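Written below as C-alpha coordinates is the structure these notes are about.
All heavy atoms count here, side chains included; hydrogens, waters and symmetry mates do not. Residues take their numbers from the sequence shown, with the count starting at 1. Values in this document were obtained by computation on a predicted structure and should not be read as measured data.
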Amino acid sequence: SKGDTEMNKAVETVLGGIEKVMLQPLGILTDNLTAPLEDRRKMRKQALHSYISSIEKREDLDPLMKAAFIDNARQFLREYSNKSDIVQLAIEKLSDDIDDIKAPSEEWLSRFFEEAKHVSKREIQKIWARILAGELEEPDSIPIKLLRVVAEMDKEQAKTFKAICN
(Lines give C-alpha, C1' and ligand atoms only; values in the text may rest on other atoms or scores of the structure.)
Protein backbone atom coordinates (compact mmCIF):
# COMPACT_ATOMS: atom_id res chain seq x y z
CA SER A 1 0.00 0.00 0.00
CA LYS A 2 0.97 3.64 -0.34
CA GLY A 3 1.35 4.03 3.44
CA ASP A 4 3.69 1.04 3.63
CA THR A 5 5.77 2.39 0.75
CA GLU A 6 6.07 5.80 2.45
CA MET A 7 7.02 4.15 5.75
CA ASN A 8 9.70 2.04 4.07
CA LYS A 9 11.04 5.12 2.28
CA ALA A 10 11.22 6.98 5.59
CA VAL A 11 13.02 4.10 7.26
CA GLU A 12 15.56 3.95 4.42
CA THR A 13 16.13 7.69 4.79
CA VAL A 14 16.68 7.32 8.53
CA LEU A 15 18.79 4.20 8.45
CA GLY A 16 20.30 4.64 5.00
CA GLY A 17 18.94 1.24 3.98
CA ILE A 18 21.30 -0.45 6.41
CA GLU A 19 18.54 -2.28 8.27
CA LYS A 20 18.29 -4.85 5.47
CA VAL A 21 22.01 -5.58 5.56
CA MET A 22 22.05 -5.80 9.35
CA LEU A 23 19.24 -8.35 9.48
CA GLN A 24 20.41 -10.73 6.75
CA PRO A 25 22.69 -12.72 9.11
CA LEU A 26 19.62 -13.45 11.24
CA GLY A 27 17.48 -14.49 8.28
CA ILE A 28 15.27 -11.40 8.29
CA LEU A 29 15.12 -9.65 4.94
CA THR A 30 13.12 -6.65 6.13
CA ASP A 31 11.87 -5.48 9.47
CA ASN A 32 8.31 -4.43 8.68
CA LEU A 33 7.82 -1.25 10.69
CA THR A 34 4.16 -1.11 9.70
CA ALA A 35 3.44 -4.34 11.58
CA PRO A 36 2.30 -4.08 15.20
CA LEU A 37 5.12 -4.02 17.74
CA GLU A 38 4.29 -7.44 19.19
CA ASP A 39 4.23 -9.00 15.71
CA ARG A 40 7.64 -7.48 14.94
CA ARG A 41 9.05 -8.77 18.22
CA LYS A 42 7.65 -12.23 17.49
CA MET A 43 9.24 -12.21 14.00
CA ARG A 44 12.59 -11.18 15.48
CA LYS A 45 12.41 -13.92 18.11
CA GLN A 46 11.60 -16.51 15.46
CA ALA A 47 14.51 -15.35 13.34
CA LEU A 48 16.86 -15.52 16.32
CA HIS A 49 15.62 -18.99 17.24
CA SER A 50 16.15 -20.15 13.66
CA TYR A 51 19.67 -18.70 13.59
CA ILE A 52 20.57 -20.28 16.94
CA SER A 53 19.28 -23.66 15.74
CA SER A 54 21.43 -23.44 12.63
CA ILE A 55 24.52 -22.59 14.72
CA GLU A 56 23.85 -25.42 17.18
CA LYS A 57 23.66 -27.92 14.28
CA ARG A 58 27.03 -26.93 12.84
CA GLU A 59 29.60 -29.59 13.48
CA ASP A 60 32.51 -27.52 12.21
CA LEU A 61 32.35 -25.18 15.22
CA ASP A 62 33.64 -26.00 18.67
CA PRO A 63 31.31 -25.29 21.64
CA LEU A 64 33.08 -22.04 22.52
CA MET A 65 32.64 -20.66 18.99
CA LYS A 66 28.98 -21.71 18.96
CA ALA A 67 28.43 -19.92 22.26
CA ALA A 68 30.17 -16.80 20.93
CA PHE A 69 28.05 -16.75 17.75
CA ILE A 70 24.84 -17.25 19.71
CA ASP A 71 25.70 -14.60 22.29
CA ASN A 72 26.65 -12.15 19.56
CA ALA A 73 23.37 -12.79 17.70
CA ARG A 74 21.29 -12.25 20.85
CA GLN A 75 23.07 -8.99 21.60
CA PHE A 76 22.82 -7.83 18.00
CA LEU A 77 19.09 -8.53 17.79
CA ARG A 78 18.39 -6.89 21.17
CA GLU A 79 20.25 -3.74 20.12
CA TYR A 80 18.67 -3.74 16.67
CA SER A 81 15.21 -4.18 18.18
CA ASN A 82 15.76 -1.21 20.46
CA LYS A 83 16.88 0.98 17.54
CA SER A 84 14.05 -0.22 15.31
CA ASP A 85 11.42 0.48 17.97
CA ILE A 86 12.80 4.00 18.44
CA VAL A 87 12.75 4.63 14.68
CA GLN A 88 9.12 3.51 14.51
CA LEU A 89 8.16 5.80 17.39
CA ALA A 90 10.03 8.70 15.75
CA ILE A 91 8.28 8.18 12.41
CA GLU A 92 4.92 8.16 14.21
CA LYS A 93 5.82 11.55 15.72
CA LEU A 94 6.73 13.12 12.39
CA SER A 95 4.29 15.29 10.51
CA ASP A 96 1.94 13.66 7.98
CA ASP A 97 4.18 14.66 5.09
CA ILE A 98 6.89 12.08 5.63
CA ASP A 99 8.49 13.05 2.32
CA ASP A 100 9.82 16.23 3.95
CA ILE A 101 12.15 14.47 6.36
CA LYS A 102 15.84 15.06 5.86
CA ALA A 103 18.64 12.68 6.68
CA PRO A 104 20.82 13.82 9.57
CA SER A 105 24.57 13.68 9.20
CA GLU A 106 26.19 10.25 9.31
CA GLU A 107 28.12 11.27 12.43
CA TRP A 108 24.94 12.35 14.23
CA LEU A 109 23.10 9.14 13.28
CA SER A 110 26.06 6.99 14.27
CA ARG A 111 26.27 8.56 17.70
CA PHE A 112 22.49 8.55 18.12
CA PHE A 113 22.21 4.83 17.40
CA GLU A 114 25.30 4.02 19.45
CA GLU A 115 23.45 5.34 22.51
CA ALA A 116 19.90 4.35 21.50
CA LYS A 117 20.76 0.68 21.02
CA HIS A 118 20.90 0.28 24.81
CA VAL A 119 17.42 1.72 25.45
CA SER A 120 14.81 -0.98 25.95
CA LYS A 121 12.30 0.72 28.26
CA ARG A 122 9.37 2.09 26.25
CA GLU A 123 9.18 5.32 28.26
CA ILE A 124 12.82 6.13 27.55
CA GLN A 125 12.51 5.02 23.91
CA LYS A 126 9.82 7.68 23.49
CA ILE A 127 12.30 10.36 24.58
CA TRP A 128 14.88 9.07 22.10
CA ALA A 129 12.17 9.00 19.42
CA ARG A 130 11.37 12.67 20.04
CA ILE A 131 15.04 13.51 19.67
CA LEU A 132 15.30 11.57 16.41
CA ALA A 133 12.09 13.08 15.04
CA GLY A 134 13.35 16.58 15.86
CA GLU A 135 16.62 15.94 14.05
CA LEU A 136 14.80 14.46 11.04
CA GLU A 137 12.60 17.53 10.75
CA GLU A 138 15.49 19.93 11.21
CA PRO A 139 19.00 18.49 10.83
CA ASP A 140 21.68 19.97 13.10
CA SER A 141 19.03 21.10 15.60
CA ILE A 142 19.98 18.53 18.26
CA PRO A 143 23.58 18.77 19.45
CA ILE A 144 25.55 15.54 19.62
CA LYS A 145 26.54 16.41 23.19
CA LEU A 146 22.87 16.26 24.18
CA LEU A 147 22.82 12.61 23.11
CA ARG A 148 25.50 11.79 25.66
CA VAL A 149 23.63 13.69 28.37
CA VAL A 150 20.35 11.90 27.65
CA ALA A 151 22.14 8.54 27.60
CA GLU A 152 23.39 9.12 31.15
CA MET A 153 19.98 10.01 32.60
CA ASP A 154 18.28 7.72 35.08
CA LYS A 155 14.51 7.13 35.05
CA GLU A 156 13.63 10.11 37.26
CA GLN A 157 15.86 12.49 35.31
CA ALA A 158 14.33 11.20 32.09
CA LYS A 159 10.81 11.89 33.40
CA THR A 160 11.81 15.45 34.31
CA PHE A 161 13.44 15.92 30.90
CA LYS A 162 10.33 14.59 29.17
CA ALA A 163 8.12 16.97 31.14
CA ILE A 164 10.30 19.91 30.12
CA CYS A 165 10.14 18.87 26.46
CA ASN A 166 6.34 18.64 26.44
Side-chain angles (χ1 to χ4, degrees), residues 4-35 37 40-41 43-45 47-48 51-52 68-162 164-166:
D4 290 351
T5 302
E6 288 178 1
M7 180 69 76
N8 290 335
K9 183 179 176 186
V11 170
E12 286 192 25
T13 300
V14 174
L15 297 177
I18 199 167
E19 76 282 357
K20 292 175 187 167
V21 174
M22 291 169 57
L23 292 174
Q24 284 177 344
L26 296 178
I28 304 172
L29 293 178
T30 60
D31 190 27
N32 186 354
L33 290 176
T34 58
L37 177 63
R40 290 185 299 117
R41 287 185 175 161
M43 288 186 294
R44 293 175 193 156
K45 258 188 185 175
L48 180 62
Y51 179 76
I52 289 172
F69 279 122
I70 291 169
D71 183 58
N72 190 38
R74 284 186 174 131
Q75 179 181 346
F76 171 82
L77 191 59
R78 182 177 45 254
E79 291 174 356
Y80 179 83
S81 295
N82 291 341
K83 293 186 289 187
S84 178
D85 291 347
I86 290 168
V87 168
Q88 181 184 26
L89 289 168
I91 289 172
E92 290 170 3
K93 292 189 177 310
L94 292 169
S95 62
D96 291 334
D97 193 6
I98 211 157
D99 291 330
D100 288 341
I101 67 170
K102 301 162 193 82
S105 73
E106 286 184 34
E107 179 184 5
W108 193 94
L109 276 177
S110 175
R111 291 190 187 210
F112 176 86
F113 285 120
E114 183 60 35
E115 300 296 347
K117 71 183 181 184
H118 303 290
V119 180
S120 59
K121 292 184 178 155
R122 193 56 146 185
E123 189 175 324
I124 309 300
Q125 284 181 339
K126 289 178 181 179
I127 293 171
W128 283 92
R130 281 180 181 243
I131 292 169
L132 179 58
E135 186 69 9
L136 290 171
E137 289 178 326
E138 190 178 334
D140 299 324
S141 64
I142 311 283
I144 289 175
K145 287 182 181 182
L146 180 62
L147 301 177
R148 287 193 300 262
V149 171
V150 174
E152 296 297 321
M153 290 182 182
D154 62 26
K155 188 175 180 178
E156 290 305 312
Q157 292 167 328
K159 282 182 183 179
T160 303
F161 182 75
K162 186 176 179 181
I164 291 169
C165 291
N166 286 336

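- Between the side chain of Glu115 and the backbone N or O of Arg148, no donor-acceptor pair lies under 3.5 Å.
- In this structure, Ser141 and Pro143 approach most closely via the heavy-atom pair O-CD, 3.6 Å.
- In this structure, CZ in Arg122 is found 9.0 Å from CD1 in Ile86, a value given to the nearest 0.5 Å.
- In this structure, Leu77 CG and Asn82 CG are separated by 9.5 Å, a value rounded to the nearest 0.5 Å.
- You'll find the side chain of Trp128 stays beyond 4.5 Å of the side chain of Asp85, heavy atoms only.
- When all heavy atoms are compared, the tightest approach of Trp108 to Ile144 is CD1-CG1, 3.5 Å.
- Taking both residues in full, the closest heavy atoms of Ala133 and Lys93 are given as CB-CB, 4.1 Å, listed atom of the first, atom of the second, then distance.
- Going from atom CD of Glu79 over to atom CZ of Phe113 covers 12.5 Å, rounded to the nearest 0.5 Å.
- Here the CG-CG distance, from Leu136 to Leu132, works out to 4.5 Å after rounding to the nearest 0.5 Å.
- Put simply, the side chain of Ile127 does not reach to within 4.5 Å of the side chain of Glu123, judged on heavy atoms.
- Contact record, Ala103 with Pro139: O-CG, 4.2 Å, taken as the closest heavy-atom pair.
- Rounded to the nearest 0.5 angstrom, Glu135 CD and Ser105 OG are separated by 7.0 Å.
- Between Glu107 and Arg111, at least one side-chain nitrogen of the basic residue sits less than 4.0 Å from a carboxylate oxygen of the acidic one, meeting the salt-bridge criterion.
- With values rounded to the nearest 0.5 angstrom, Ile124 atom CD1 is found 11.0 Å from Lys126 atom NZ.
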Please test Arg78 against Gln75 for side-chain hydrogen bond (donor to acceptor under 3.5 Å, both in side chains), starting from the C-alpha separation and ending with a verdict. CA-CA 5 Å; Arg78 182 177 45 254; Gln75 179 181 346; 5.1 Å; no
